[in-house]
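First up is the structure itself, then whatever we jot down about it.
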Protein chains: 2
Amino acid sequence: MNVSTNIKIDEDMKYHKIPDETIRRMPMYLRALSLLEQDACQTISSRQLAQQLHLNPPQIRKDLSYFGAFGKRGIGYPVQSTVQQIRKILKLDGTQSAALIGAGRLGTAIAAYPGFSVFGFEVASIFDIAPKKIGKKIGAMTVEDAADLDTLKKRKIRLAILAVPAEAAQSCAEALVQAGVKGILNLSPSCLAVPRRVKVVTIDIAMALGVLPYYM
Amino acid sequence: MNVSTNIKIDEDMKYHKIPDETIRRMPMYLRALSLLEQDACQTISSRQLAQQLHLNPPQIRKDLSYFGAFGKRGIGYPVQSTVQQIRKILKLDGTQSAALIGAGRLGTAIAAYPGFSVFGFEVASIFDIAPKKIGKKIGAMTVEDAADLDTLKKRKIRLAILAVPAEAAQSCAEALVQAGVKGILNLSPSCLAVPRRVKVVTIDIAMALGVLPYYM
DNA sequence: CAATGTGAACAGCTTCACAGCC
DNA sequence: GGCTGTGAAGCTGTTCACATTG
């Protein structure tokens, strides 16, 4: 029953089952530590980091400890090397190219969003279905025809951001899967059906707003 | 110990403690049922709804049952009345006016976003700090000076959407709290410190993207 | 002494099984 | 037969206490 001393009791068992919630928090840590790195901060304790992020210190320690012992007792976590570790864990070392589908207002905002760079993301191409938008320049990029999504395979882009209306989302998702995309950030209020091997994260802005009045 | 037969044993105890996760899913149900209502669908079973939303039927039944017995055994849930019930539960009956802070690309996209209406939300005013943007028209609205945020109190707007850069988010949040705002949807990659009485929901798009490579 | 790393207790949420009803 | 409503079981994630280390 002791995972650390007896590996692989059950084929289905992950060697260390890391909670999804822990994974969800890792980018938070990465961003906070990256900022500290810029400020030339050498080390930070779980207590200080918890204060910044409004979490509990043991939570942070447990989360990080799933991946090994990054910290030094009595001192805290070394900022720079922990940043590198987390990047490796999240597979964010090196640039991650993503395709953006939808060149409407939201897509345009996403294309210009500066916040992706902390994680090494780069919007590498933009697609739309509307003839009016195809060929248009957005920043340094030219909007491509969504009918050519299959070119993503050649370009080895395996990440997509879906910023299209809900009605179009499912068919776009299918085209993306066909084009070899392995991860989709869905910004439309829709529930995508994709093969299990493809990971979808949906952000529904209106739904997030929808809970606020309840708590007020 | 039995809550249903013995109310108010402990002052601190909520009469029925409803899981936050249940609340988070309620807008999903509301949206799905609203669409069914438009399609003139009379009733739906938990199984059908679960299929649409990629959830388990018992989850949906349990969630809805926290608020009473909406369904009919052997039949399912009456669409129209359940929609009304959920609106009441989430305090979404009637129009909810929200202020939008930030008239940049993201703010502009949010201002035009059609998805809020299902929940009865309406962006009632837009603010920005940049002199260039103040006075500009966005749709039918004119961008106001963020220095005048305190007018929200008079207008009884208690909901805000924060679409400003991370560096400006905390000070904006404080101004909003000062102006009597009770709920904030924070779209910036920052961790807001607000009084406990104010509810904040943060959506960090880059962070959501940040987990995808791990799962790929 | 200060802080991490971690088994164990605890809390919260999900899933199940089935009684009750249409 | 079909479907809801719900206590109970099971699972996942969080918090705690403390041994351990610099």
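Just so you know, these numbers come straight off a predicted model, no measurement behind them. The figures that follow rest on heavy atoms only: side chains count, while hydrogens, waters and symmetry mates do not. Numbers restart at 1 for each chain; the letters A, B, ... are given by sequence-line order, proteins then strands.
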**Report entry** Shortest non-hydrogen contact from B:Ser190 toward B:Ala169
**Finding:** OG-CB, 3.4 Å
Report task. Examine the side chains of A:Glu174 and A:Gln170 and answer whether a donor and an acceptor come within less than 3.5 Å of each other. Result -> yes
Round to a whole Å and report the spacing from [atom1] of [X] to [atom2] of [N].
X: A:Ile44; N: C:dA2; atom1: CD1; atom2: C1'; result: 15 Å
X: B:Leu64; N: C:dC13; atom1: CG; atom2: P; result: 16 Å
X: B:Ile60; N: D:dT4; atom1: CD1; atom2: P; result: 9 Å
X: A:Phe70; N: C:dA3; atom1: CZ; atom2: C1'; result: 17 Å
X: A:Gln48; N: C:dA2; atom1: CD; atom2: P; result: 13 Å

**Report entry** Evaluation steps, side chain to side chain contact (heavy atoms under 4.5 Å, CB included), between A:Phe67 and A:Thr22
**Finding:** CA-CA 11 Å; A:Phe67 305 99; A:Thr22 293; 4.1 Å; yes
Requested in this report: Might you confirm whether atom NZ of B:Lys88 has over 12 heavy atoms from other residues, nucleotides or ligands at distances under 6.0 Å?
Outcome: no
Report task. If a protein heavy atom is under 4.0 Å from the base, mark B; if only from the sugar-phosphate, S; if neither, -; do that for nucleotides 9-15 of chain D going 5' to 3'. Result -> ----SSB
Report task. Establish, with yes or no, whether the OP1 or OP2 oxygen of D:dC3 is under 4.0 angstrom from a side-chain nitrogen or oxygen of B:Arg47. Result -> yes
Query raised in the report: Has A:Ser46 got a side-chain N or O lying under 4.0 Å from the OP1 or OP2 atom of C:dA3?
Result: no
Query raised in the report: Checking side chain to side chain contact (heavy atoms under 4.5 Å, CB included) for the pair A:Met141/A:Leu100: CA distance, chi angles, key distance, verdict?
Result: CA-CA 11 Å; A:Met141 276 169 292; A:Leu100 173 63; over 6 Å; no
Requested in this report: Mind running side chain to side chain contact (heavy atoms under 4.5 Å, CB included) on B:Asp63 and B:Glu21 for me, showing each step along the way?
Outcome: CA-CA 9 Å; B:Asp63 281 345; B:Glu21 291 298 298; over 6 Å; no
Query raised in the report: Which residues in residues 73-81 of chain A have at least one heavy atom lying under 4.0 Å from any atom of DNA chain C?
Result: A:Arg73, A:Gly74, A:Ile75, A:Gly76, A:Tyr77
Report task. Measure the shortest side-chain to side-chain distance between B:Ser81 and B:Phe70 over non-hydrogen atoms and say whether it is less than 4.5 angstrom. Result -> no
Query - Validation row: A:Leu55, A:Tyr29 side chains within 4.5 angstrom (heavy atoms) - result: yes
Query raised in the report: Under 3.5 Å, is there a donor-acceptor pair between the side chain of A:Gln59 and the main chain of A:Asn56?
Result: no
Query raised in the report: Ignoring hydrogens and geometry, is there a side-chain-to-backbone donor-acceptor pair from A:Lys153 to A:Gln178 under 3.5 Å?
Result: yes
**Report entry** Global bending angle along the helix from C:dC1-D:dG22 to C:dC22-D:dG1, which compares the axes of five pairs at either end, to 10 degrees
**Finding:** 10°
